[in-house]
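Side chains are part of it too, since the values below use all heavy atoms of this structure and drop only hydrogens, waters and symmetry mates.
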Amino acid sequence: GVEVGPQPHGVVRADTLDKMRRIVKHGLDFVQLFNEGKEFPPCTIEVFKIMEKVDYPRNKNDEIIAIIHPELQDQDWQPLNNGDPLFLTLDGEVIAYKGDSTVYPTFINEAAYYEKKQAFVKTVKMKLTANHIRSSAL
C-alpha cells in the first residue's frame, strides 16, 4: 500500500493525489525494468524506524491534561532533542522531552490517533543498504 498524507478525512487534495500517482508510477517502472533484466546497483537509503508510540499526559481519570506544544506542532520528521518542548498543560506548564538520544517524531497530533492514545510516534533515523539486484528469470 501507499499512504501519502496527512490530509483531512474525506478530502481529496490535488498535490497529494499527484504525489501518490508519481510514487505508484515509480514502483511500476521499477517492476518493468526488473522484469526486463535491468541490474540495479547497491544503494543506501535513509529510513525512520518506529520505536515507541507516545500518549498525551493524562490524569488519574485517563483525561488528557496537556496538548502538543506549539514548537512541536507540524514538525514531523524533524529532530527532537533532550529538553525540547513536547506538551503544554492547560495551566501553561511546558513538559519537555527527556531522552538519551535524538528522535524524529511523526504523526504529531493526528486526529485519527486520539482514540488510540497516541500523541505522536518516536522514530530513529537509520540507513539501510541494499545489495545489487537483477532478475534471474531471464
Side-chain angles (χ1 to χ4, degrees):
V2 175
E3 179 179 344
V4 181
Q7 64 183 2
H9 180 70
V11 173
V12 178
R13 291 180 44 142
D15 60 335
T16 303
L17 183 61
D18 181 58
K19 288 177 187 176
M20 188 261 325
R21 282 184 175 143
R22 285 187 286 137
I23 289 169
V24 170
K25 183 182 180 312
H26 285 304
L28 293 172
D29 289 345
F30 169 81
V31 170
Q32 180 176 349
L33 291 170
F34 181 78
N35 287 341
E36 291 172 353
K38 177 170 173 60
E39 183 172 347
F40 292 87
C43 65
T44 301
I45 61 169
E46 197 170 79
V47 298
F48 294 87
K49 180 180 179 182
I50 293 174
M51 301 305 290
E52 177 185 3
K53 295 175 182 177
V54 178
D55 191 9
Y56 293 89
R58 295 177 182 271
N59 64 18
K60 62 184 176 185
N61 296 323
D62 205 34
E63 299 165 324
I64 295 174
I65 59 168
I67 58 175
I68 294 292
H69 192 280
E71 290 181 28
L72 181 60
Q73 184 64 52
D74 301 321
Q75 296 302 307
D76 295 77
W77 312 112
Q78 299 304 308
L80 180 67
N81 299 297
N82 188 43
D84 288 348
L86 277 183
F87 298 104
L88 186 62
T89 69
L90 302 179
D91 296 332
E93 177 188 341
V94 173
I95 299 173
Y97 171 61
K98 294 181 177 105
D100 298 334
S101 62
T102 299
V103 295
Y104 296 82
T106 189
F107 303 114
I108 299 169
N109 202 24
E110 292 282 339
Y113 296 116
Y114 272 79
E115 65 187 35
K116 295 178 181 181
K117 296 185 174 184
Q118 180 180 310
F120 63 92
V121 173
K122 281 197 265 183
T123 69
V124 293
K125 193 184 294 190
M126 303 174 57
K127 290 191 180 210
L128 294 180
T129 301
N131 295 327
H132 78 283
I133 60 170
R134 183 181 190 164
S135 174
S136 60
L138 296 176

Same apolar cluster: [X] and [Y], side chain cutoff 4.5 Å:
| X | Y | result |
| --- | --- | --- |
| Phe87 | Leu80 | yes |
| Val31 | Leu33 | yes |
| Ile65 | Val54 | no |
| Phe48 | Leu72 | no |

Value rounded to 0.5 Å, distance of [atom1] in [X] from [atom2] in [Y]:
| X | Y | atom1 | atom2 | value |
| --- | --- | --- | --- | --- |
| Glu63 | Leu90 | CD | CG | 10.5 Å |
| Thr102 | Asn81 | OG1 | CG | 3.5 Å |
| Lys38 | Asn35 | NZ | CG | 14.0 Å |
| Asp29 | Lys25 | CG | NZ | 3.5 Å |
| Met51 | Lys122 | CE | NZ | 9.0 Å |

Write down the atom of [X], the atom of [Y], and the distance for their closest heavy-atom approach.
| X | Y | answer |
| --- | --- | --- |
| Pro57 | Ile95 | CG-CD1, 3.8 Å |
| Tyr56 | Ala119 | CE1-CA, 3.4 Å |
| Phe34 | Arg134 | CE1-C, 3.6 Å |
| Asp55 | Gln118 | OD1-N, 4.0 Å |

Would you say [X] and [Y] make side-chain contact, with heavy atoms under 4.5 Å?
| X | Y | result |
| --- | --- | --- |
| Leu88 | Pro70 | yes |
| Glu46 | Lys125 | yes |
| Met20 | Arg22 | no |
| Ile68 | Ile108 | yes |
| Thr44 | Lys127 | yes |
| Gln32 | Leu28 | no |
| Val121 | Glu52 | no |
| Pro85 | Val94 | yes |

Lys117/Asp62 salt bridge by N-O under 4.0 Å criterion: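 So Asp62 pairs with Lys117 through a salt bridge.
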Step-by-step side chain to side chain donor-acceptor pair (under 3.5 Å) determination, Asn109 to Tyr114: CA-CA 8 Å; Asn109 202 24; Tyr114 272 79; 2.6 Å; yes
Test log, rule side chain to side chain contact (heavy atoms under 4.5 Å, CB included), inputs Glu39 and Ile133: CA-CA 6 Å; Glu39 183 172 347; Ile133 60 170; over 6 Å; no
Heavy-atom neighbours of Asp100 CG exceed 12 at 6.0 Å: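 12 or below, so no.
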Atom CZ of Arg58: over 12 foreign heavy atoms under 6.0 Å: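 Yes, CZ of Arg58 has more than 12 neighbouring heavy atoms, counting only those of other groups under 6.0 Å.
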Ring-ring centroid check Tyr113 Phe120, cutoff 6.0 Å: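 No.
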Residues Thr106 and Thr123: side-chain donor-acceptor under 3.5 angstrom: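 Judged by distance alone, the side chains do not pair up.
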Side-chain H-bond candidate by donor/acceptor type, Gln75 with Glu71, under 3.5 Å: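 On atom types as modelled, these side chains do not qualify, holding no pair under 3.5 Å.
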Asn59 (side chain) donor-acceptor with Asn61 (main chain) under 3.5 angstrom: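 Indeed, once roles are kept as given, a pair shorter than 3.5 Å links the two residues.
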Backbone of Tyr97 reached by a side-chain donor or acceptor of Asp84 within 3.5 Å: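 The answer is no, because no donor-acceptor pair under 3.5 Å joins these two groups.
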Side chain to side chain contact (heavy atoms under 4.5 Å, CB included) evaluation trace for Leu86 with His69: CA-CA 5 Å; Leu86 277 183; His69 192 280; 5.7 Å; no
